[in-house]
Amino acid sequence: MLKSFENVVIGGGLAGLIATNLLAKEGKQVLLIEKKTYPFHRVCGEYISNEVKGFLKREGLFPEAHELPQIDRFTFSDTKGSQTTVPLDLGGFGLSRYVFDDFLVHKGVEKGAEIYTGIQVEQIEFQNDQFILQLSDGSELQAKNVIGAFGKRSKLDKVLARDFIQKRSPYIGVKYHIKAAIDRKAVALHNFSGGYCGINAIEDGKANLCYLGSRDQLRTYGSIPEMEEAILWKNPHLKELFTSSEFLFEKPEVINEINFEAKKPVENHILMAGDSAGLITPLCGNGMAMAIQAGKLAAEAILTNKTRPEIEQSYEKNWRRIFETRLKVGRTVQLLFGSDFSSIFARNLIQHVPFVTRKIIKNTHGQPF
Ligand SMILES: Cc1cc2nc3c(=O)[nH]c(=O)nc-3n(C[C@H](O)[C@H](O)[C@H](O)COP(=O)(O)OP(=O)(O)OC[C@H]3O[C@@H](n4cnc5c(N)ncnc54)[C@H](O)[C@@H]3O)c2cc1C
């Protein structure tokens, strides 16, 4: 007989961990399946918009034990290094995913959630109003509801033949933790030809340095250090950071094929949450807040105990209302980056037309919930 679960969450990033916590809190049977083993590092800028703070605190999901840098300004430099700083109305805080995800998984276990780690979901089928999942350890299980929180790109996207997976993406992501003399109250975005690099403080006096770069440039220069020296260091702020900071990882975390194409929030009856439903461009700095809110929406939809079509419809409606415009604006704003001309234009805009900057930030960020 197949092992059977009421709710299965695939992927234990922020979307999956929040959904798991909320379902378990209401006494629901929930299994979270994460292919990696906690704690682990991920490519992510680790600046979290304050729109999630009230929710996390109310749910007891804010890691109070850590003293977290509070970030209230945004510094932007163009490819030549000219820089400007503006206040961030809502602001945010810095926290590594290594700490945050591990904290949330422990909270889920405390509430009674079952967690499989180091196991991947290989196949998923929907038949007779149930999901059948095949796992990488050879086992199979059955689930009534499935939340797909498997991130930007997963084996399951191929299994489900999702449209975006056919398209190649020119972007790579690279991340380090460093110790550096930076403004710990600012999130900085330094442009370079073909991409941009974010820097902000995180816990324990450390900082996150994470950039979105180009696969073609990596191919041209042959290695990450050579590409960084040839391309990123042309921006004097990045040269200073790379040459005077202490790098805490032996080697960077790297991902490729970062795709910003639109995706569907419900596919094959799976409620897609977080990056599985669409990744916002990192320069908007709120993909994590969106993943947290989407995890909450997916759990809330299931908790209504309505029929499957009603759950799917209400989740999709709410998801589109809250996230669809933000994702579109994020894709458009991304066009302002990656070349000398566009980054200088963007810097001038931020410096001299603060009204427009505020509007862009407002349209790519949500409200506290
Ligand atoms: C370069 C870069 C910088 C960024 N910087 C920021 C930032 O500063 N601030 C911000 O708010 N956002 C940022 N983001 C966006 C943010 O990282 C994501 O939006 C957020 O992590 C999404 O969370 P998630 O839970 O949807 O996915 P993830 O955190 O990616 O989690 C998905 C999980 O699913 C697991 N998984 C995948 N397939 C399977 C499977 N078949 N079976 C089991 N498990 C599976 C993966 O191992 C992973 O742990 C950045 C993104 C990039 C690319």
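Note that ligands are numbered from 1 as they come in the structure, with each ligand's atoms numbered from 1 the same way. For this chain, numbers begin at 1 and follow the sequence in order.
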- Strictly under 4.0 Å, does any heavy atom of R97 approach an atom of ligand 1? yes
- Going by the atom numbers of ligand 1, which of them fall below 4.0 Å from some non-hydrogen atom of C210? 1 (C), 3 (C)
- Task: Please name the pair of heavy atoms, one in D183 and one in R73, separated by the smallest distance, quoted to 0.1 Å.
- Result: OD2-NE, 2.9 Å
- Would you mind running through ligand 1 and noting each atom that sits below 4.0 Å from a heavy atom of G151? 27 (O), 30 (O), 32 (C)
- Task: Indicate whether the side chain of S96 and that of E203 have a donor and an acceptor atom separated by less than 3.5 Å.
- Result: yes
- Message: Below 30° counts as parallel, above 60° as perpendicular, anything between as tilted: where do the rings of W233 and F242 land?
- Response: tilted
- So is M288 polar-close to ligand 1, meaning N/O to N/O under 3.5 Å? yes
Under 3.5 Å donor-acceptor pairs involving side-chain atoms of residues 102-116, not counting sequence neighbours:
unit_1: H106; atom_1: ND1; unit_2: D102; atom_2: O; d: 2.8
unit_1: K111; atom_1: NZ; unit_2: N21; atom_2: OD1; d: 2.6
unit_1: Y116; atom_1: OH; unit_2: K3; atom_2: NZ; d: 3.4

- Query: Against heavy atoms of I33, which atoms of ligand 1 measure under 4.0 Å?
  - Reply: 43 (C), 44 (N)
- Task: Give the atoms of ligand 1, by number and element, whose distance to some non-hydrogen atom of L156 is under 4.0 Å.
- Result: 41 (N)
- Message: Side chains of D216 and S214 only: does a donor on one sit below 3.5 Å from an acceptor on the other?
- Response: no
- Message: I'd like to check which ligand 1 atoms, numbered from 1 as shown, lie under 4.0 Å from a non-hydrogen atom of E46.
- Response: 7 (C), 8 (O)
- Message: Regarding ligand 1, does R42 bring an N or O atom to under 3.5 Å of one of the ligand's N or O atoms?
- Response: yes
- Applying a strict 4.0 Å limit to heavy atoms, is A149 in contact with ligand 1? yes
- Message: I'd like to check which ligand 1 atoms, numbered from 1 as shown, lie under 4.0 Å from a non-hydrogen atom of G274.
- Response: 26 (O)
- Query: Heavy atoms only: which of E34, K152, M272 is nearest to atom 46 (C) of ligand 1?
  - Reply: E34
- Item | Residue pair S77 / H237, side-chain donor-acceptor N/O under 3.5 Å | no
- Message: Check the orientation of H41 and H177. Use parallel for under 30°, tilted for 30 to 60°, and perpendicular for over 60°.
- Response: perpendicular
